[in-house]
Trainee: 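For reference, the structure I am asking about is given below.
Computation of the quantities below employed the complete heavy-atom set of this structure, encompassing side-chain atoms and omitting hydrogens, waters and symmetry-equivalent molecules.
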Amino acid sequence: MYDRRRVARLGDILVKLGLCTPEQVQSALAAQVLYGARLGTNLIELGHINLDNLARGLARRAKLPAALAGHFERRDLAIQAMVPADLAAKLKAVPLGKLAHDSDRIAIAVRDRLSEHARGELAFHLDVEPDQLVEAVAPELRLYYHLELAYQIPRANRLLRVDRDRSGVISVPQAPPTASEDSDVDMPAW
């Protein structure tokens with residue numbers, strides 16, 4: 001059974017990593033009560049954190065690698081085409097490509113850890129063994145954007161980003177460049 005006390009809370013992790021202040025987390029929690037969605041989505045919408053830093057916090061909590069902007073920019077369209085849209089939508093998973101240092105393994109961006117059955121389904125379509133899949137955590141805003149981009153799966157209105165200066169709909173904002181694209185969880189670039 002799930003024991004919440006054993007799983008670190010995302011807000012605590014982000015504060016500990018210096019990516020948010022406790023006050024920013026509190027304001028995002030208040031927004032979550034009013035508008036729903038996940039804490040990270042509210043932090044992004046309030047402008048308290050960028051997508052890559054959120055991915056790093058999520059990765060730390062899940063003990064998985066982070067799927068960062070650069071990973072999505074280098075995605076392998078042929079590998080993405082191997083996974084049916086309905087499966088990608090059901091699993092909330094987007095294949096990114098083969099690992100640079102190990103071309104037998106494929107990185108998969110996920111919102112949450114995949115079940116053993118889900119890993120098996122993806123592995124079947126990607127023609128690999130389940131242990132050849134490397135799950136990397138992505139914030140839901142970036143993941144749903146790429147599900148739409150790769151598979152034409154429309155995002156819910158709640159997950160569309162609004163440009164408050166021009167009041168027009170825009171895509172998920174890219175995080176500012178950082179000195180390093182690697183996550184705190186050990187994972188080579190692909």
Side-chain angles (χ1 to χ4, degrees), residues 2 4 6-14 17 19-20 25 28-29 31-32 35-46 48-76 79-80 82-97 105-123 125-126 130 133-161 171-175 181 183-185 187 190:
Y2 174 74
R4 186 173 178 94
R6 296 186 66 188
V7 177
R9 293 173 49 191
L10 177 61
D12 295 337
I13 291 170
L14 295 172
L17 293 174
L19 302 174
C20 286
V25 171
L29 288 168
Q32 188 178 36
Y35 305 112
R38 291 176 168 220
L39 174 65
T41 297
N42 284 291
L43 285 166
I44 294 287
E45 289 175 339
L46 292 169
H48 296 325
I49 194 169
N50 66 42
L51 287 165
D52 276 354
N53 283 339
L54 177 57
R56 288 179 177 95
L58 292 167
R60 175 68 61 94
R61 182 181 68 182
K63 295 180 174 66
L64 290 173
L68 305 174
H71 300 134
F72 283 94
E73 290 167 6
R74 294 187 301 273
R75 68 194 178 279
D76 185 324
I79 288 177
Q80 284 183 344
M82 296 171 73
V83 175
D86 61 335
L87 180 61
K90 178 179 89 172
L91 301 179
K92 295 170 188 65
V94 176
L96 296 174
R105 300 181 78 199
I106 297 175
I108 307 289
V110 297
R111 189 183 76 175
D112 300 302
R113 280 187 178 271
L114 297 172
S115 69
E116 187 176 326
H117 178 75
R119 287 177 65 83
E121 284 184 278
L122 276 173
H125 287 283
L126 294 168
L133 298 179
V134 176
E135 296 173 54
V137 178
E140 70 178 356
L141 285 168
R142 181 172 281 152
L143 189 66
Y144 289 135
Y145 172 76
H146 283 278
L147 282 168
E148 184 175 66
L149 186 65
Y151 300 105
Q152 295 72 51
I153 298 166
R155 291 173 280 169
N157 286 341
R158 175 71 171 92
L159 299 172
L160 293 174
R161 301 292 298 138
S171 64
V172 173
Q174 294 297 314
E181 283 194 349
S183 73
D184 294 321
V185 179
M187 178 171 158
W190 52 80

Trainee: side-chain contact (heavy atoms from CB on, under 4.5 Å) with Ala85: which residues, sequence neighbours excluded?
Mentor: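 By the side-chain contact (heavy atoms from CB on, under 4.5 Å) rule, Ala85 matches Tyr151, Ile153.
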Trainee: With sequence neighbours left out, write down each residue that passes side-chain contact (heavy atoms from CB on, under 4.5 Å) with Pro154, or none if nothing qualifies.
Mentor: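 Scan of Pro154 (side-chain contact (heavy atoms from CB on, under 4.5 Å), adjacent residues dropped) gives Glu148.
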Trainee: According to side-chain contact (heavy atoms from CB on, under 4.5 Å), who are the partners of Ala28, at least two apart in sequence or on a separate chain?
Mentor: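 Ala28 satisfies side-chain contact (heavy atoms from CB on, under 4.5 Å) with Leu39, Asn42, Leu43, Leu46 once adjacent residues are dropped.
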Trainee: Do His125 and Pro84 come within less than 4.5 Å of each other through their side chains, counting heavy atoms only?
Mentor: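 SC-SC contact between His125 and Pro84 confirmed.
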Trainee: What I'd like to find out is whether the side chain of Val94 reaches to under 4.5 Å of the side chain of Leu147, using heavy atoms alone.
Mentor: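 A side-chain contact exists here, since the closest heavy-atom pair is under 4.5 Å.
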Trainee: Taking all non-hydrogen atoms of both residues, which atom of Leu143 and which atom of Ala109 are closest, and how far apart?
Mentor: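 Nearest pair, atom of Leu143 first, then Ala109: CD1-O, 3.6 Å.
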Trainee: Do Leu14 and Arg60 touch side chain to side chain, with heavy atoms closer than 4.5 Å?
Mentor: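 The answer is no, as the side chains (C-beta and beyond) never meet within the 4.5 Å cut-off.
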Trainee: Side chains of Leu58 and Ile13: does their closest heavy-atom pair fall under 4.5 Å?
Mentor: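 Sidechains of Ile13 and Leu58: no contact.
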Trainee: Sequence neighbours excluded, which residues qualify as salt bridge (charged side-chain N to carboxylate O under 4.0 Å, His left out) partners of Asp112?
Mentor: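 Counting only residues at least two positions away or on another chain, Asp112 forms a salt bridge (charged side-chain N to carboxylate O under 4.0 Å, His left out) with Arg38.
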Trainee: Write down the atom of Ala62, the atom of Val137, and the distance for their closest heavy-atom approach.
Mentor: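 The answer is CB-CG2, 3.9 Å.
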Trainee: Assess whether side chain to side chain contact (heavy atoms under 4.5 Å, CB included) is satisfied between Leu122 and Val83, documenting all intermediate values.
Mentor: CA-CA 7 Å; Leu122 276 173; Val83 175; 3.9 Å; yes
Trainee: Quick one: side-chain contact (heavy atoms from CB on, under 4.5 Å) partners of Leu149, sequence neighbours excluded?
Mentor: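 Leu149 satisfies side-chain contact (heavy atoms from CB on, under 4.5 Å) with Arg75, Tyr145, His146 only.
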Trainee: Please report the shortest heavy-atom distance between Pro95 and Ala93, naming the atom on each side.
Mentor: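 Closest pair (atom of Pro95, atom of Ala93, distance): CD-O, 4.1 Å.
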Trainee: If every non-hydrogen atom of Pro130 is compared with every non-hydrogen atom of Gly120, which pair is closest and at what distance?
Mentor: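 So the two residues come closest at CG-CA, 4.1 Å.
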Trainee: Ignoring hydrogens, what is the shortest heavy-atom contact between Ala37 and Glu140? Give both atom names and the distance.
Mentor: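 Closest heavy-atom pair between Ala37 and Glu140: CB-OE2, 4.2 Å.
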Trainee: Any non-hydrogen side-chain atom of Ile44 less than 4.5 Å from a side-chain atom of Pro139?
Mentor: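 Heavy-atom side-chain distance check fails, nothing below 4.5 Å.
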Trainee: When you measure from the side chain of Gln80 to the backbone N and O of Leu96, does any donor-acceptor pair fall under 3.5 Å?
Mentor: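 Judged by distance alone, no pair lies under 3.5 Å.
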Trainee: Hey, what do you get for CG (Asp52) to CZ (Arg142), rounding to the nearest 0.5 Å?
Mentor: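 Answer for the CG-CZ pair, Asp52 versus Arg142, is 4.5 Å.
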Trainee: Which value, rounded to the nearest 0.5 Å, describes the distance between Lys92 atom NZ and Leu114 atom CG?
Mentor: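 Separation between the atoms: 11.0 Å.
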Trainee: Less than 4.5 Å apart, any side-chain heavy atom of Ile108 and any of Leu126?
Mentor: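 Side chain of Ile108 against side chain of Leu126, heavy atoms only: contact under 4.5 Å found.
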Trainee: Is the shortest distance from a Lys or Arg side-chain nitrogen in Arg119 or Glu135 to a carboxylate oxygen in the other one below 4.0 Å?
Mentor: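 Salt bridge between Arg119 and Glu135, a charged N being under 4.0 Å from a carboxylate O: yes.
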Trainee: If you look at every heavy atom in Leu54 and Thr41, which pair is closest and at what distance?
Mentor: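 Closest approach of Leu54 to Thr41: CD2-N, 4.4 Å.
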Trainee: With side chains defined as the heavy atoms from C-beta onward, is the minimum distance between Leu68 and Arg56 less than 4.5 Å?
Mentor: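 Yes - at least one pair of side-chain heavy atoms lies under 4.5 Å apart.
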Trainee: At what distance, to the nearest 0.5 angstrom, does CZ of Arg113 lie from NZ of Lys63?
Mentor: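 It comes to 8.5 Å.
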